[in-house]
Amino acid sequence: NFYYLTGLTQSDSILVLMPGNVTRREILFVSERNVEREHWNGRLLSVREASELTGIRTVMGRNQFEPFIAAMLSRRGFGQVDDKDASPFFDALGAGRARVGLVLQAGGLNDPLTPPQDFARRVRERYVGFQAVDVTPILTDLRLIKTPYERKVLVKSLEISSDGQMAGMRSARPGSWEYEVEAAIEAVHRARGAVSWSYP
């Protein structure tokens with residue numbers, strides 16, 4: 001869902017959507033650059049790069065997420081999202097009509113809480129005036145409808161996957177190793193510009 005909404009694959013990133021805001025309706029939080037971490041896990045996007053890549057104007061460091069949420073649920077502006085911009089949300093919060101939507105995965109009663117469920121629990125304990133709701137059905141419905149561009153990309157993806165599978169079949173012969181077949185498939189994906197496999 002995060003990739004669908006932003007086009008980013010950077011871990012520990014968070015997207016906040018505030019559709020009632022006057023101007024800043026999307027706020028993206030990305031992990032801060034860390035040379036040591038990047039050495040082992042790959043390069044992280046800077047705030048500026050994340051903004052340029054996604055088109056989201058309001059991008060902050062991941063460490064600002066919790067202070068941002070605390071400010072919003074306390075009806076105070078934070079950074080570029082000032083009191084005037086967030087006034088519709090603040091009004092709804094004051095009237096007890098605000099909703100905080102999260103992607104909540106259903107689980108059993110004895111299952112540990114997922115990070116979004118734990119976040120919802122923590123904010124409900126500290127703040128009032130809102131209801132936590134699961135937005136998974138909304139995102140599922142959005143993803144069912146494909147634009148002409150998305151349909152074109154899906155067709156290209158299927159063609160690349162098919163060509164990759166055929167390359168894997170050609171490389172599979174007695175005595176070949178599994179990694180050789182995987183490499184043949186991966187080579188097709190890389191050569192055709194795919195960022196990853198459709199179905200590993």
Side-chain angles (χ1 to χ4, degrees), residues 1-33 44-107 112-154:
N1 288 320
F2 181 78
Y3 180 74
Y4 171 76
L5 293 170
T6 66
L8 292 183
T9 58
Q10 186 162 304
S11 63
D12 297 328
S13 300
I14 299 172
L15 177 66
V16 174
L17 300 175
M18 298 182 74
N21 280 10
V22 177
T23 57
R24 303 203 180 266
R25 295 183 175 113
E26 316 85 25
I27 302 98
L28 179 64
F29 297 86
V30 294
S31 296
E32 292 75 18
R33 303 283 315 271
L44 296 173
L45 296 171
S46 69
V47 166
R48 182 183 56 78
E49 291 168 330
S51 180
E52 290 172 358
L53 187 63
T54 62
I56 297 172
R57 292 183 331 172
T58 309
V59 181
M60 300 183 209
R62 174 70 169 78
N63 64 347
Q64 294 179 299
F65 172 70
E66 294 215 9
F68 172 82
I69 294 298
M72 292 297 109
L73 293 175
S74 298
R75 297 168 60 185
R76 294 188 324 265
F78 185 91
Q80 300 171 45
V81 183
D82 60 22
D83 293 357
K84 182 180 177 187
D85 197 21
S87 63
F89 180 72
F90 295 162
D91 292 344
L93 198 59
R97 295 181 287 105
R99 292 182 298 160
V100 173
L102 300 158
V103 177
L104 301 171
Q105 298 88 5
L113 294 177
T114 63
Q117 291 168 335
D118 185 54
F119 173 77
R121 178 193 56 79
R122 287 185 293 122
V123 295
R124 274 195 303 253
E125 288 174 355
R126 297 193 66 187
Y127 303 99
V128 295
F130 71 93
Q131 175 186 5
V133 296
D134 184 7
V135 296
T136 304
I138 296 169
L139 291 170
T140 300
D141 287 348
L142 285 173
R143 293 178 67 173
L144 287 175
I145 300 167
K146 304 298 183 196
T147 65
Y149 171 76
E150 288 173 310
R151 289 193 298 268
K152 182 179 172 185
V153 170
L154 285 170

What distance do [X] atom [atom1] and [Y] atom [atom2] have between them, rounded to the nearest 0.5 Å?
X     : Y     : atom1 : atom2 : result
Asp91 : Arg97 : CG    : CZ    : 7.5 Å
Ile27 : Leu17 : CD1   : CG    : 8.0 Å
Arg76 : Phe90 : CZ    : CZ    : 8.5 Å
Glu26 : Leu5  : CD    : CG    : 10.0 Å

Kindly give the heavy-atom pair with the smallest separation between [X] and [Y], and that separation in Å.
X     : Y     : answer
Ser31 : Asp12 : OG-CB, 3.2 Å
Val30 : Leu45 : CG2-O, 4.3 Å
Ser74 : Ala70 : OG-O, 2.8 Å
Val16 : Met18 : CG1-CG, 3.9 Å
Thr58 : Gln80 : OG1-OE1, 3.9 Å
Phe89 : Ala98 : CE1-CB, 3.8 Å

With a 4.5 Å limit on heavy-atom distance, are the side chains of [X] and [Y] in contact?
X      : Y      : value
Arg122 : Glu66  : yes
Val81  : Met72  : yes
Leu104 : Phe119 : no
Thr54  : Leu8   : yes
Phe2   : Val103 : no
Tyr127 : Leu93  : no

Under 6.0 Å from the [atom1] atom of [X], do we count more than 12 heavy atoms belonging to anything else shown?
X     : atom1 : value
Arg99 : CZ    : no
Tyr4  : OH    : yes
Lys84 : NZ    : no

Quick check: does any side chain N or O of Arg62 sit under 3.5 Å from a backbone N or O of Glu32, one acting as donor and the other as acceptor?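 Here the side-chain-to-backbone pair does not exist.
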Short side-chain to backbone donor-acceptor contact, Asp85 and Asn21, under 3.5 Å: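 Not a single qualifying donor-acceptor pair exists.
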For Leu15 and Asn1: C-alpha separation, side-chain torsions, deciding distance, then whether side chain to side chain contact (heavy atoms under 4.5 Å, CB included) applies. CA-CA 10 Å; Leu15 177 66; Asn1 288 320; over 6 Å; no
